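These notes concern the structure reproduced below.
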Amino acid sequence: MKSHSSSREWLLQALFVGPALLVFTIIVALPFALGLYYSLTDWNGVSEKVQWIGLGNFRTLASDEGFWDSFGFTARFTLVAVVLTNAVGFALALILTRYLKLRNVLRTIFFLPNVIGGLLLGFIWQFIFVKGFAAMGNWTGLSFFELPWLGDATTAFWAVVIVSVWTGAGYLMVIYIASLTNVPADLYEAASIDGASSLQRLFKITIPMIMPAITIGLFLALSWSFKTFDVILSLTRGGPYNSTQSVALNIYTEAFQNNQLGLGTAKAIVFFLVVALITMVQVWFTKRQEVEA
Amino acid sequence: MTSRRYSAGMLILEVCAVILALIFLVPFYFLLVNSVKSFAEILLDSAALPTKLVWENYSRAWEIMNFPRAFGNSIFITVISNIGLTVISSMCAYRFVRHPSRLNNLLFTLFVAAMVIPFQSIMIPLMRVGSWFNLLDSRLGLFVCYLGFGVPISIFLFHGFVKSIPVEIEESAVVDGCSPLGVFTRIVFPLLKPMTVTIVILNSLWIWNDFLLPSLLLGRIELRTIPLSTFSFFGQYTKQWDLALAALVMGITPIVIFFLSLQRHIIEGITAGSVKG
């Protein structure tokens, strides 16, 4: 009985866990392990001979200015996009939790950009920046619209920020709405009776009460911005002069246009380490919030 | 008195919110209006309404892109990947919860930890693995890749949900002579429905919109999904905005319709998925 049931258990284990484990091993675990190995070689994808070069790639990338420029761009972009996307999403949520007649329609509108893929959004905005803004400049006479939006490093940076905020704000709005509707109404009533102003209520009640949602919003925006790729590929292609090249795009270019696959994997590992670090800080932070709440 | 002032304030807020929403929609206005203009008219004034509707843009872009084929490919890969992901991850998560052996706990930790890995950091060696296992340039290969990349988050979400299902229901079914597989397919899987809806929605948005993975994996034109054919269309017809905008409108229409018809489920699903994830 015992041995019969144990072989049956293994059969069930294989049936239930096997398929998921198999695809995961081939598609995620194996490439990850191979990446660690290839980052120490001069692999170029063409020749079958792969030479072990130790930490050579990491020395090369340490002095690769393009790579660090892309890190610099990604860091600046992430900082600005995280703050603005959350601020806009939170403001929208504050407005749309009031009893407005059109609030359901408005929520749908603000969320809409999110379901469209980054690649297509980038192309749509390319048209807006190149042709649409020029036309709006003619109509309104505002010099804001007549800037060389995608042609200059500073404005191209802001162009990427605008598209990211426009896309992500609705998503964070939904998270903030869910959290805001859970704040008990009697807290506000008690505060009003005590004579608290609306600004005081915002900073003393609302924000402390929705802290878990703020943590989620900050880290979601952080992980989107840090890994951003599709939008930049279709909006600016990293230009002008690589000024809007994100780390993800730099890795892509290194591997699939320069064919430096070994160097590309080394960069990819550095990228992974940074993302893993950010995520670990996130988990640590979220856990701490939960204890306090 | 206070209530009247309150509603006047609300009206102002409502008007401001509507104006803000219209500003949010401006890109779609430009997109739609210019997609039915002639090229000359787009250059003249892209903010104006069209003087004459040029539907030809659509019919030409439709043919050049071979839109029905791209649409079919996107639907096919999204549907089969969703079915596959739902089946294998719900089974795996169920086993992990009900048999928390040391091995299973270790495997679960491994899946959760892998959620950290960004796609770009393993895409290069993935191409190598793809050629070993014959996954390149085939829809079956793309399907296997989506299973692999989708499994960690799907298992994680199912895992949390299975824990909330009381085990007593299953025990009574076993007493009635139900096999372990029968318990799962007839009792547990139907109970997972709310989480299945969430997972299918999250995975559909991801797979439908994904560009990088299929662009690396697929070479043949016949296999291209909507993002891939839009991308190559743009490469060929750079600055031919009349055709390009019509192609973009066609490209976003299916997912916008999907969103508008299921918006309540989608928004709930996304909230549930991101709060737990």
Side-chain angles (χ1 to χ4, degrees), chain A residues 12-13 16-17 19-21 23-24 26-28 30-32 34-35 38 95-96 98 100-102 106 108-112 115-120 123-125 127-128 131-132 135-136 139 166 171 174-175 178 216 220 227 229-230 248 251-252 255 261 264-265 268-269 271-272 275-276 279, chain B residues 10 13-14 17-18 21 24-25 27 30-31 42 45-47 88-89 91-92 94-95 104 107 111 114 116-118 120-122 124-126 128-129 133 144-145 147-149 151-152 155 180 205 208-209 211-212 227 230-231 234 241 244-245 248 251-252 255-256 259 263 267 270-271 274-275:
Chain A
L12 285 172
Q13 174 81 8
F16 278 81
V17 178
L21 187 61
V23 289
F24 175 80
I26 295 174
I27 301 302
V28 181
L30 185 58
F32 184 75
L34 272 177
Y38 281 131
I95 296 170
L96 297 181
R98 308 291 291 273
L100 300 180
K101 292 204 170 57
L102 293 172
L106 292 170
T108 306
I109 291 174
F110 290 121
F111 189 82
L112 180 65
V115 298
I116 302 170
L119 188 88
L120 274 68
F123 283 136
I124 294 173
W125 274 93
F127 179 74
I128 308 296
K131 291 273 168 272
M136 285 200 277
W139 281 50
W166 179 78
Y171 194 109
V174 166
I175 291 168
I216 293 170
L220 270 179
K227 293 188 243 176
F229 177 86
D230 290 17
I251 295 170
Y252 175 84
L261 298 183
T265 34
I269 282 165
F271 181 56
F272 160 74
V275 171
T279 316
Chain B
M10 288 298 274
L13 194 67
E14 181 115 36
V18 169
F24 242 71
L25 290 176
F30 275 99
L31 177 66
I42 295 174
D45 185 355
S46 63
I88 66 174
S89 9
M91 289 177 81
C92 186
Y94 170 70
R95 180 80 188 175
N104 280 345
L107 289 176
F111 280 117
V116 176
I117 304 172
Q120 288 92 352
S121 68
I122 52 173
I124 306 168
L126 176 68
R128 188 78 180 222
V129 173
F133 289 88
V144 174
C145 286
L147 292 187
F149 286 115
V151 139
I155 288 179
L205 290 175
W208 184 271
N209 289 324
F211 168 73
L212 192 49
T230 314
F231 188 76
F234 253 81
W241 289 112
L245 294 176
L248 282 176
I252 66 171
I255 196 79
V256 169
F259 168 62
Q263 52 168 310
I267 289 180
I270 275 172
T271 319
S274 67
V275 170

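Convention: sequence-line order gives letters A, B, ...; per-chain numbering from 1. Here the structure is a predicted model, which means the values were calculated and not measured.
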- Note: A/Val28 and B/Gly148 closest approach over all heavy atoms is CG2-O, 3.6 Å

- Message: For A/Pro31 versus B/Val129, what's the shortest heavy-atom pair and its separation?
- Response: CG-CG2, 4.0 Å

- Message: Counting only non-hydrogen atoms closer than 4.5 Å, does B/Gln263 touch chain A with its backbone (N, CA, C, O), its side chain (CB onward), both, or neither?
- Response: side chain

- For chain A, which of B/Phe111, B/Phe30, B/Trp241 has the most heavy-atom pairs under 4.5 Å? B/Trp241

- Message: Let's test your reading of the structure: which of A/Ile109, A/Leu119, A/Leu96 forms the most heavy-atom pairs below 4.5 Å with chain B?
- Response: A/Leu119

- Message: Please classify the contact between B/Tyr94 and chain A as side chain, backbone, both or neither, with a heavy-atom cut-off of under 4.5 Å.
- Response: side chain

- For B/Pro118, all residues meeting side chain to side chain contact (heavy atoms under 4.5 Å, CB included), sequence neighbours excluded: A/Lys227, A/Phe271, A/Phe272, A/Val275, B/Gln120, B/Ser121

- Task: State, yes or no, whether a side-chain contact exists between B/Thr230 and B/Phe211 at a heavy-atom distance under 4.5 Å.
- Result: no

- Okay, A/Leu102 and chain B: the region with an atom under 4.5 Å from a heavy atom over there is both

- Does some side-chain heavy atom of A/Leu21 sit less than 4.5 Å from a side-chain heavy atom of B/Val151? no

- Query: For the residue pair A/Ala135 and B/Ala47, what are the closest heavy atoms and their distance?
  - Reply: CB-N, 3.6 Å

- Item | Euclidean distance, B/Ile122 CD1 relative to A/Leu34 CG, rounded to 0.5 Å | 10.5 Å

- Over all heavy atoms of both residues, which pair between A/Leu100 and B/Met10 is shortest? Give the atoms and the distance, please. CD2-O, 3.9 Å

- Query: Does any heavy atom of chain B fall under 4.5 Å from the side chain of A/Ala178, the backbone, both, or neither of them?
  - Reply: side chain

- B/Phe24 portion near chain A, given a 4.5 angstrom heavy-atom threshold: both

- If you count heavy-atom pairs under 4.5 Å between each of A/Ala255, A/Gly132, A/Gly35 and chain B, which one has the most? A/Gly132

- Item | Structural part of B/Phe133 lying under 4.5 Å from a heavy atom of chain A | side chain

- Message: Using every non-hydrogen atom in the two residues, find where B/Pro125 and A/Tyr38 come nearest and quote the distance to one decimal.
- Response: CB-CD1, 4.4 Å

- Note on the structure: Highest number of heavy-atom pairs under 4.5 Å with chain B among A/Phe24, A/Phe229, A/Phe32, A/Phe123 belongs to A/Phe123

- Item | Contacting moiety of A/Ile116, where chain B heavy atoms sit under 4.5 Å | both

- Item | Side chain, backbone, both or neither of B/Phe149 within contact of chain A (heavy atoms, under 4.5 Å) | both

- Item | Interface residue of largest heavy-atom contact number with chain B, from A/Asp230, A/Leu112, A/Ile251, under 4.5 Å | A/Leu112

- Query: Top residue by heavy-atom pair count (under 4.5 Å) with chain A, among B/Ile155, B/Leu147, B/Ile117?
  - Reply: B/Ile117

- Item | Heavy-atom pair count under 4.5 Å with chain A, highest-scoring of B/Leu31, B/Leu126, B/Val256 | B/Leu126

- Message: Would you say that A/Leu220 contacts A/Ile175 through its side chain, given a criterion of any heavy-atom pair below 4.5 Å between the two side chains?
- Response: yes

- Closest non-hydrogen contact found for B/Ala17 with A/Ile95 is CB-CG2, 4.0 Å

- To the nearest 0.5 Å, atom CD1 of B/Ile267 lies from atom OG1 of A/Thr108 at 5.5 Å

- chain A contact via B/Leu107 - side chain, backbone, both or neither, heavy atoms under 4.5 Å: side chain

- Looking at A/Tyr252, A/Phe127, A/Trp139, A/Trp125, which makes the most heavy-atom pairs under 4.5 Å with chain B? A/Phe127

- Task: Just give me the residue among B/Val18, B/Leu212, B/Leu25, B/Ile42 that pairs up with chain A most often, heavy atom to heavy atom, under 4.5 Å.
- Result: B/Leu212

- Message: If we define contacts as heavy-atom pairs under 4.5 Å, which of A/Leu120, A/Leu30, A/Ile128 has the most with chain B?
- Response: A/Leu120

